[in-house]
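Comments concern the structure below.
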Amino acid sequence: MRFAFLQLRNCEEEAKMAATMTMKTTIVEDVNVTFEDQQKINKFARNTSRMTELKDEIEAKKKSLQNLQDASDDLMMFDDDSLLIPYQIGDVFISHTQEETQEMLEAAKEALEKEVKTFEGQVAAIQQVLNDLKVQLYAKFGNNINLEADES
C-alpha cells in the first residue's frame, strides 16, 4: 500500500513538471525577415553600440571633471599667492601663478561640462531612435526577438 502511494505521488509530480515545462516553452512562429527588417536590426545594434561608447565617454569626462574640481579645491587651500604652480599642457608642465592656474582650471571645467552636455544630448537622441525601432521590431516579431540589453 505504501509503495502504491509513493508511485502515485511520483506520477503526480511528473505531471506537474510536464505541465510547468509546457507552460514555460514559448511557441516560436515562423516570421519572414525582410531586408528592411534586417536593416532595422542592424541600425538598432549600431546605435546600441554607439550609445554604450558615449556613456563610457561621459563617465570618463565626469571623472576628469571631478579631478579638475579636486585640483581647484586644493589650489584654494594655498596661502602663498606668489607660489608658482605647475600646470600640465600636453606633455609639458608650465608654472603659473595661483590666479592664472585657477582660471585655466575653470576654463578646462567649462569645456568638459560642455562636452558632457553634448554627449548626453547625443545619448538622448539615440535613445529615441532605439525606442522607435523597438516598437517597430517588437510589433513584427513579438517575443521572437530580444532587444533588451543584458545587465551583466
From CA spacing to verdict: side-chain contact (heavy atoms from CB on, under 4.5 Å), Ile89, Met104
CA-CA 10 Å; Ile89 301 176; Met104 293 174 80; 3.7 Å; yes
Would you sort out whether Leu54 and Phe119 count as a side-chain contact (heavy atoms from CB on, under 4.5 Å), showing the intermediate values?
CA-CA 6 Å; Leu54 285 172; Phe119 288 154; 3.7 Å; yes
Kindly determine whether Thr101 and Leu84 satisfy side-chain contact (heavy atoms from CB on, under 4.5 Å), including the steps that lead there.
CA-CA 9 Å; Thr101 305; Leu84 292 178; over 6 Å; no
Could you go step by step and tell me if Asp132 and Gln136 meet the side chain to side chain donor-acceptor pair (under 3.5 Å) rule?
CA-CA 6 Å; Asp132 292 343; Gln136 295 171 18; over 6 Å; no
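Taking a cutoff of 4.0 Å between a charged side-chain nitrogen and a carboxylate oxygen, Arg50 and Glu53 qualify as a salt bridge. For the pair Glu110 and Lys114, the salt-bridge criterion is not met [side-chain N within less than 4.0 Å of a carboxylate O]. A salt bridge links Lys134 with Glu148; the closest basic N to acidic carboxylate O contact falls under 4.0 Å. Salt bridge annotation for Glu120-Lys62: present, with a cationic side-chain nitrogen under 4.0 angstrom from a carboxylate oxygen.
Ile145 has its side chain within reach of Ile41: a pair of non-hydrogen atoms, C-beta onward, lies under 4.5 Å apart. Glu113 places none of its side-chain heavy atoms less than 4.5 Å from the side chain of Lys61. Two residues are said to be in side-chain contact when any heavy atoms from C-beta on lie closer than 4.5 Å; Leu65 and Lys109 meet this criterion. Here the side chains of Tyr138 and Asn143 are not in contact, with every heavy-atom distance at 4.5 Å or above. With a 4.5 Å cut-off on side-chain heavy atoms, Thr97 and Ile85 do not count as touching.
Using modelled atom types and a 3.5 Å distance limit, the side chains of Asn67 and Ser64 yield no donor-acceptor pair.
Counting non-hydrogen atoms of other residues, nucleotides and ligands closer than 6.0 Å to CD of Glu36 gives a total of 12 or fewer.
A chain of hydrophobic side-chain contacts below 4.5 Å, direct or via other Ile, Leu, Val, Met, Phe, Trp or Tyr residues, connects Val116 to Met51.
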